[in-house]
Structure formats: C-alpha cells, structure tokens
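A quick note: this is a predicted structure, and the numbers were derived from the prediction, not measured. Naming: A, B, ... by sequence-line order, numbering from 1 per chain.
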Protein chains: 2
Amino acid sequence: MSTEQFTRGPAMRDVAAAAGVSAQTVSRVLNDHPNVQDSTRRRVMAVIEELGYRRNNTARALVTGKSRTLGVLTLATNNYSRSSLALGIELGAREAGYTVNSVTSSLSATALTDAVSRLVHQGVDGIIIAAPLQDAAEQVRHITARIPTVNTDGSSSMGERMVGVDQDIAAVLATRHLLDLGHKTVWHVAGPADWSDAASRLNSWRRTLKEAGREVPPELHGDWSPESGYRNGLILARMPEVTAILVASDEMAFGVLRALTELGRRIPEDVSVVGIDDIDLAAFSNPPLTTIRQSFEDTGRRAVHRLVSQIAHPEEAIAPDLVAPTLVIRSSTAPPPPGS
Amino acid sequence: MSTEQFTRGPAMRDVAAAAGVSAQTVSRVLNDHPNVQDSTRRRVMAVIEELGYRRNNTARALVTGKSRTLGVLTLATNNYSRSSLALGIELGAREAGYTVNSVTSSLSATALTDAVSRLVHQGVDGIIIAAPLQDAAEQVRHITARIPTVNTDGSSSMGERMVGVDQDIAAVLATRHLLDLGHKTVWHVAGPADWSDAASRLNSWRRTLKEAGREVPPELHGDWSPESGYRNGLILARMPEVTAILVASDEMAFGVLRALTELGRRIPEDVSVVGIDDIDLAAFSNPPLTTIRQSFEDTGRRAVHRLVSQIAHPEEAIAPDLVAPTLVIRSSTAPPPPGS
DNA sequence: CCTAAGATTGTTATCCATAACAGTTTTCTC
DNA sequence: GAGAAAACTGTTATGGATAACAATCTTAGG
C-alpha cells in the first residue's frame, strides 16, 4: 500500500543544472538535433541516466500540439470482431510508437458525437472509428473534418478514409459457395440493420441470388448474439424447404446450429450453414463451421498504419484500403438432400 | 479529405475577453467554484456555448498533475476474458468520467515493465493491471509503488490491491459438482502455468480431490486456445477410465467437446465436461456446456471504482474485493456411465 | 457612519518542454 | 588574417489552465 506522497521526478531544468547546460540543450539532446557537441551530448545523457529523468509527455503535448496518442472509438459490445480489431489496433499502435486512448459508445448519434468529441478533447492526434455503424462516419464528420480519421467499417461505399475487409465480397463468396453446392436458394440471418457490415452482407447476398436468377427469400434479423441466432434457427428449422443458410456472423451461426440440432435437422445432410468471421471457435462447433475468414487483427494494424501516415502527411491523397476475405470450407456445408 | 489546416479552437482567454472577465473567473465557472456571481456565471456560460469553447485537457493535466486517464495493461491475446474485462473497464471509466489508455504486453518481465512505464510516462492517474500472470504485480511493483494500482488477477494470495473473481472457488465448484454426480475422480485440462488464473484453478482442483479422498490424476496443459483443448481432448478420449473433465476455460472446452465427439465418446453419457468462464457461446455448444460463471465485465467495472476511489483517497486502507463465481448447469454433465 | 468579515474578481507565478531567435565560438576560404 | 559560413549553445516567449495571493466591492454589526 502506497501512502507515501507521489514525488515529482526531475525536470529538464534539473538535468540541465546538473550537466551545466541550458534546458534547451537537454531538449536538443533528447530530440536528436544535430547541433550538439558530442562531449555535451554524452554528459547530458549521463546525467539523464543518473537522475532517472523521463521527459514529461503532458508538457510536450501542450507545446507541440501532438500527443502521440491515437483515439479509438468502439461500440460497447463484446463480440469477436470488436475485440480482435481492438487488439490489432493496440499492436499496430505500439509498433508505431503510439499510445491508444479508447472510448466506447452506444448506437445513438448523440453518443457517437459525444464519444468522438471526448477523444478530440483529450488531444489525440488521430481517430480510428471502429464502430461499423451505418453512417457513423457521416454523423461525426463535422467533428472529424479537422483531424485525421480512419474508418474500419468495411462498406466500400463510405469513401476514401476506409480501411478494412471488403464486406461486399464476404457474402458473395458464402452465397456462391452454397449455390455451387447445388442449393436452389440461400436463406439469410442478417445482423442489426444499422450495422454497416450487416447491411453490406444483406445487400450482397440478395444481389448474388438475383444475379443467379434465384428466388430471394425474406431475410431474418438477429442482433449478433448467439441467442438471436438460436431464435432464428428455431424458425428456420421448422421450414422443410430451407436447405442452406447464410448467417451474418459465426456467433449467431452457433445459435442456428444449436437450434437446428435440437429440432432434429442434421447438418450438413439436411441443412447447410455458413457463417462469417472465422472466429477461433468456428473450427470446433458441431459440426465445424464453414465460414468466411477475415482478419480483424490485421485490419486494426492497417488502420493504424494508415492513420499514422495520414498524421505525418496530411496533404497526401488517400485511397480506400480494402482486403478480400476468403472462404474456409469445413463440415457444415454439403449438397442439398436428394429430394429437395 | 481534409487538407485544411487544423485551426486551434478558442482558449480560455478568448472566452474571458468575450465575456469581459478574467481567465481565472472562467476557470472558476468551469470548476464550479462557489465564489462567482450568478450573473457572471451565466454570462460566461453563454459565451462558452457561443464560442464552442472546450477546455484543453492537456494544459489542465500539466498544471494539475492529473490527467483523468486510467492506464490499463492487458495481455496481447484475444480471448473472451480479456475482451470482456476491457469492456467493463471502459464502461466503468466512462461512468467515472475517466478516459482509458491501454497498452498490451507480452509475457516477459521486460515487456511488462516496459508497458507499465509507458503508462506512467503517459501521465495516467492510476493503473489497472489486467494481466493475470503469476507475479505480474510483483514484477512491476517498483514502478507502481508510487501510483495507485489495481490488479484483476483473481488469485487472492496476491495482496490487498486485488479486484476480481475468486479463482480458487471456481475450480472447487466445478470439481465438487462432478464428484457430487458420482464420478470417482475428475481430470483437468489446465491453462498455461504462468497464468495465475490457471494456477489457482489447478491448485483448487487438486485440493478438492484430495479433501474428498480421491485419486488426483496428472493434469494436462493447454494454452487457452480451442485448438489446445482439442489436442488434449484427443488424448483423454482414448482413456476409457476418464468420465469427468474440468477444462480451465470454455474456449478450450469447446475443443475438448469436439475431440470427444470425433472419437465417439458421447457427452454427457460417457464423459462429463465442465468449463470455466461462461462465455456467450457456452450455452450453444453441442451439448450446451456446464460451466462456472464469472462476470469479467463486472470485474472491470469494480476495478475502476476501486482505482478511482484510491486516486481520490490515497491514504485509505484497501482490502481485496473478490466476488464468488457461480455454477451454471447445462447438458454436458451427468452421472458417470453405470459400469465405470 | 465606520470597520470587520465575507463575497467576488483579477494578477501573477507555475507546470514542463519546445520553437524561434539571438548570441558566441569554431572552422573554412581566399 | 579578415570575413563569411557553419556549428554550437543560451534566452525568451509560448502553449492553456490553475493555485495562491492580492485587490476590490458588499454587507452586516456596532
């Protein structure tokens, strides 16, 4: 237990005094300016070492206007994509010598605005919006116009500040896979309508079916939770004509699998199921889940790199940086049952 | 694309000038000091509103020595416990009016030390060590001695700065449940030896068996990943005498379930499996997983509250704040097969 | 009506590092 | 060896908010 008072460490002036130079010289040594004599530099370094001096970042930030801190806006939910994205951002930031300041927000426009302005207020150098909400970027544009910003929302429609996995392709890959197996059509358990990922996947699924000349069944909606997948699975399990289901996330897919199993539909013999995300557990469901792999961690890293270079060169033109996801075939998909 | 220069917002002096008062008065209004006339206060508020003035936190931090920022040290892994803990911390911090500055670290002592000193250097007001490593707290004590610190490591042996779920109880509950069902003994797939959670669970499992006078089988070790659970499951599945398994995390338990299923051992008829954590997906495994529930999100919140009050009253005595986990019985556990 | 106490507001110093500028010394060139 | 260029180092102003202190203005009591 530390009842002792927090003692302020030595300041630059203390180092300067001990080394017999001015504070400015210490600053120059610290910032690797060329115009310092080698002997002086060594002397200052020695004193810094001896006194255990560390530069005060707060003062630095005040005078330079740069905090070497990145702001990250995430949604207050705990799903796989959010957390691995956050991890990627952390790692990327560390590699780039930045610190991460994260705030969570709920869905509402005011909450978003508030969260972003809290970040700006905190003095971050740039912002990563890791909240894949429809129009999230638009809603806060009036705040972020003045500060480097990157979106990890994978909807390519959202403009040039985008980094992520191409969400349009994800659902196309999944739907095609099921059609290629011989299914007449594909049902879809979508995510919440206000999430851009969910919307992209929904649109791509629909478009793919149409392009293949198939009937487009009505979509069902979940909230990303396994429970919501389960509830929708209970409905789909009662419909004999359903032989193929695309679920908008692996977590919901687990719920769908469970519901189908409980109602006696065999996977993949009776019904094929495809998820999206390829979470760590996807290979260990029963049966192992065919899914679309997209590396959120990598996305986080790329977002940081993009943001950092934008901070360094604000004038430079930027282009979206979208990566294609890949199909991972496991055991939850097969050709439709013969009679169907 | 914002090529326009970042324009500094209005400063306190601008507000002061516009309101015809001194900067100090503005400061007093902002800080709710009593000695400001109501008319003055209203006038200042109006100008603040009109100019869209926001206080500069960097300057504030410099002069007060408080940044209203909490440092969080997490491990660079993406498992359920880590991410929900992080979420709880975020939410708690927001409620308390704090911002979160997070850094990740690997296992090594130097990485830990480095990460913590980065936080201190950043000027955080307090630190939450959310890295459940054996002796993590000890390793960084020389740095954290001077700054309020809280551990979310659930091993009650670690001293008074502890907040979390009592890890000792978790494994006891699980083991007892299996013994109560009639199993002769319980096998254990443990986590990595250097994680304190894993160590507590291992010890408690062992102790519980001994106290019940049962044979203690050799433990198996995983690395928290579903894959490692799968590998260990393949081993256990080949041993006919294994009828009950306690797995140190739900994620590994998914792997164990999968391996058992693949090798034809029925759950729970042939083998009972208990996990720990109660992740969202645990209710949707095949079969649904009996597990030990512990709310990491709640732990995160409590850690923040504790830390904030410690920051406010550094002198006050503190006591560990451990919460008991609960047993959630689902379908993966049953009495042992008759002949065993 | 005067003075002490209280309320309100302003002035100045401070936190720490850095940029801009200025001064001094060294080095080079013709 | 003078003059110019380069190298090195110091001084001062700056960023924005706040604490401590000082000053002014009210109000109440005698």
Does [X] make a side-chain N or O approach to OP1 or OP2 of [N] shorter than 4.0 Å?
{"X": "B:R60", "N": "D:dT18", "result": "yes"}
{"X": "B:T40", "N": "C:dT9", "result": "yes"}
{"X": "B:T64", "N": "C:dC15", "result": "no"}
{"X": "A:N57", "N": "C:dA17", "result": "no"}
{"X": "A:T58", "N": "C:dC16", "result": "no"}

Legend entry - First encountered from the 5' end of DNA chain C, between A:R13 and A:Q24: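 That would be A:R13.
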
Closest to side chain of [X], choosing from [options]:
{"X": "B:R55", "options": "D:dA17, C:dA17, D:dT9", "value": "D:dA17"}
{"X": "B:R28", "options": "D:dT18, C:dG10, D:dG15", "value": "C:dG10"}
{"X": "B:Q37", "options": "C:dA17, D:dG16, C:dT9", "value": "C:dT9"}

Legend entry - Any donor-acceptor N or O pair under 3.5 Å, side chains A:T77, A:R82: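 Their side chains do not contain a donor-acceptor pair, so the 3.5 Å distance test is not met.
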
Inset, instruction - Kindly indicate whether the side chain of B:R54 and the base of D:dG16 share any N or O donor-acceptor pair separated by less than 3.5 Å? - result: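 Absent.
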
Legend entry - Identified side-chain contact (heavy atoms from CB on, under 4.5 Å) partner of B:E90 from the options B:V100, B:L70, B:T99: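 Output: one option passes, namely B:V100.
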
